[in-house]
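Structure below; questions to follow.
Computed over heavy atoms, backbone and side chain alike; hydrogens, waters and symmetry mates excluded.
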Amino acid sequence: MSGLRALTPRGRSFIASGAAALLCALLLGEHDLLRVAVLIVALPLLAALIVVRTRYRLACARRLDPSRVQAGGVGTVTLRLENVTRLPTGLLLVEDHIPHALGTVRPRFVLDRVEPHGVREIDYKVRSELRGRFPIGPLSIRIADPFGLVELTRSFTITDTLVVTPEVVPLPPVRLSGEWTGGGDSRTRSVAAAGDDDVAPREYRQGDDLRRVHWRSTARHGELMVRREEQQRQSRGALLLDTRRCAHRGEGPRSSFEVAVSAAASIGVHLSRDGLGLRLITDQGGQHLADTGASWSLLDALSVVRHSSARSMEHGIAALRQGGDGLIVAVLGEIDSLDARELARLKQPGVTGIAVLLDVAGETGAASPDADETAEDMLTAGGWRTIRLPAGVSLAAVWPEAAHRRVGIRR
């Protein structure tokens, strides 16, 4: 029965035609027509029997290169099929399942024959303008006879995940706050800033690098002294992302929300590479810790961030109060004076606050609302450095202005 279910429309047509010829041969008494009818009926039945009884054992592996791509970037999926039996395969129709976001057409391939213990590698490209985590697979293989009369489908269970991260814009280096961007107990000092007198030396040991000899301490103690390995404590900062639906305009990859996510990703990667440990906080108060130098963890979190239904940023501001961060960078949509006032109060001595204000109204061509101007004035008066990011302007063009107390681009 499984063989009959595997018949293709062509195979069923053969059986129907053969049955009709067989009936005519019996009615008319034509022996030649009877032979033709038997041949037409037998051909798809024999093909079904052969395909069903053939036991192919195929091993499948999938490789993503790279496993993370930026929105709009192209990734390569490589499929590796191995015939682990001693029998050659017949015609194989290979199809990999991918979401519509990665391509409107599913990748399909035809393999004519795979020899015993043979290996075939095939690859295809995927591309997405949308962020997210997209499953790739499972892989299905359709085994067909050479005449296309029978087709049997086998599926693998293995799947892989492609992470599409926000677009990251390289930012120029900016001196945000002294030598380090930490604050409180998390701040570290370099030897150059602390001075030689603050270095804690120790006795010279066999194998120590002579370049680490501290000559002033050597003269004082009368024996070779070397600088200790500095155990610098990690600088800490917080990255606040405004995800409220009411604070953004537009839809799709060019909406103000996607611009905000891209800006947060660009700033986070830039600061992480500079050795800053970051907390990613949204208006809902959720936190994601990004390790120093490991920007991929931050990008993974931003790849799946979505709109929130919150009307205010009170939960995000409350999460910021619990941090003790030396640097706070807020990427904001349209905020009212109440949220701006609470954000301004977070600016304490020793804390650097930078607010990136998106020109949300510019997405629709309308004039900037007065409430947005008031929020900017409140943040600036509270000691924040405010940066205006107009629609269509790259963050890299305005980021150098973060080093100044009062910044902005006016339309």
Query - For Arg108, salt bridge (charged side-chain N to carboxylate O under 4.0 Å, His left out) partners two or more places apart - result: Glu95
Query raised in the report: Where do Cys24 and Leu33 come nearest, in terms of heavy atoms and distance?
Result: CB-CD2, 3.9 Å
**Report entry** For the student: nearest non-hydrogen atoms of Gly252 and Glu258, plus distance
**Finding:** O-CG, 3.3 Å
**Report entry** Arg385 and Glu401 ion-paired at < 4.0 Å
**Finding:** no
Query raised in the report: Between Val164 and Gln70, is a side chain to side chain contact (heavy atoms under 4.5 Å, CB included) present by the stated rule, with each step listed?
Result: CA-CA 5 Å; Val164 181; Gln70 290 189 27; over 6 Å; no
Query raised in the report: salt bridge (charged side-chain N to carboxylate O under 4.0 Å, His left out) with Asp123: which residues, sequence neighbours excluded?
Result: none
Query raised in the report: Angle class for the His248/Phe257 ring planes (parallel below 30°, perpendicular above 60°, tilted otherwise)?
Result: perpendicular
Query raised in the report: Quick one: does Thr76's side chain get under 4.5 Å of Thr78's, heavy atoms only?
Result: yes
Query raised in the report: Does some side-chain heavy atom of Ile15 sit less than 4.5 Å from a side-chain heavy atom of Leu7?
Result: yes
Query raised in the report: Are the side chain of Arg120 and the backbone of Val114 linked by a donor-acceptor contact shorter than 3.5 Å?
Result: no
Requested in this report: Might you point out which heavy atoms bring Arg175 and Ala403 nearest each other, and give the distance in Å?
Outcome: O-CB, 3.7 Å
Query raised in the report: Is the side chain of Gln348 donor-acceptor paired with the backbone N or O of Arg345 at a distance under 3.5 Å, no angle test?
Result: yes
Query raised in the report: So Asp160 and Arg63, salt bridge (charged side-chain N to carboxylate O under 4.0 Å, His left out) or not? Walk me through it.
Result: CA-CA 8 Å; Asp160 293 273; Arg63 184 176 68 252; over 6 Å; no
Report task. Decide side chain to side chain contact (heavy atoms under 4.5 Å, CB included) for Leu152 and Arg142; before the verdict, give the C-alpha distance in whole Å, the side-chain angles of both, and the deciding distance to 0.1 Å. Result -> CA-CA 5 Å; Leu152 198 61; Arg142 289 180 289 174; over 6 Å; no
Query raised in the report: So do Leu162 and Ile98 actually touch side chain to side chain, heavy atoms under 4.5 Å?
Result: no
Query raised in the report: Side-chain contact, heavy-atom cut-off 4.5 Å: Leu139 with His97?
Result: no
Requested in this report: With rounding to the nearest 0.5 Å, note down the distance linking CG in Asp336 to CZ in Arg311.
Outcome: 10.0 Å
Query raised in the report: Under a 4.5 Å cut-off applied to non-hydrogen side-chain atoms, are Thr8 and Val150 in contact?
Result: no
Query - Student check: side-chain heavy atoms of Val356 and Leu332 closer than 4.5 Å - result: no
Query raised in the report: Is there a donor-acceptor pair closer than 3.5 Å between any side-chain N or O of Ser266 and the backbone N or O of Val169?
Result: yes
Report task. Using modelled atom types only, decide if a donor and an acceptor are shared between the side chain of Arg131 and the backbone of Ala71 within a distance under 3.5 Å. Result -> no
Query raised in the report: Is any side-chain heavy atom of Ile328 closer than 4.5 Å to a side-chain heavy atom of Leu320?
Result: yes
Query raised in the report: Taking the side chain from Arg113 and the backbone from Thr89, do they hold a donor-acceptor pair closer than 3.5 Å?
Result: no
Report task. Using modelled atom types only, decide if a donor and an acceptor are shared between the side chain of Trp384 and the backbone of Ala330 within a distance under 3.5 Å. Result -> no
Query raised in the report: Is it true that Arg244 and Glu334 have a side-chain N and a carboxylate O under 4.0 angstrom from each other?
Result: no
Query raised in the report: Do other residues, nucleotides or ligands put more than 12 heavy atoms under 6.0 Å from the NE2 atom of His100?
Result: no
Query - Donor-acceptor contact below 3.5 Å, side chain Asn83 vs main chain Glu115 - result: yes
Query - From CA spacing to verdict: side chain to side chain contact (heavy atoms under 4.5 Å, CB included), Asp300, Val163 - result: CA-CA 7 Å; Asp300 282 356; Val163 180; 3.6 Å; yes
Report task. Look at atom CZ of Arg133 and say whether more than 12 heavy atoms of other residues, nucleotides or ligands are closer to it than 6.0 Å. Result -> no
Report summary line: In terms of heavy-atom contacts, Pro253 and Leu130 come closest through CG-CD2, 4.3 Å
Query raised in the report: Under the 3.5 angstrom rule, does the side chain of Ser255 hit a backbone N or O of Arg249 as a donor-acceptor pair?
Result: no
Report task. Please examine the side chains of Leu43 and Phe14, heavy atoms only from C-beta on, and report whether any two atoms are closer than 4.5 Å. Result -> yes
Report task. Decide side chain to side chain contact (heavy atoms under 4.5 Å, CB included) for Ile136 and Leu102; before the verdict, give the C-alpha distance in whole Å, the side-chain angles of both, and the deciding distance to 0.1 Å. Result -> CA-CA 9 Å; Ile136 297 181; Leu102 298 181; 4.0 Å; yes
Query raised in the report: Distance-only, no hydrogens or angles: does the Asp283 side chain make a donor-acceptor pair with backbone N or O of Thr243 under 3.5 Å?
Result: yes
Requested in this report: Show your reasoning for whether salt bridge (charged side-chain N to carboxylate O under 4.0 Å, His left out) applies to Arg321 and Glu342.
Outcome: CA-CA 10 Å; Arg321 290 195 182 100; Glu342 294 300 318; 2.8 Å; yes
Query raised in the report: Phe156 and Leu58: which non-hydrogen atoms are nearest, and at how many Å?
Result: CE2-O, 3.3 Å
Requested in this report: Give a yes or no on whether the backbone of Arg341 and the side-chain of Asp339 come within a donor-acceptor separation of less than 3.5 Å.
Outcome: no
Requested in this report: Rounded to the nearest 0.5 Å, what's the gap from CG on Leu239 to CG on Leu276? Could you check?
Outcome: 10.0 Å
Report summary line: Ser303 and Arg306 have their tightest heavy-atom pair at O-NH1, 3.7 Å
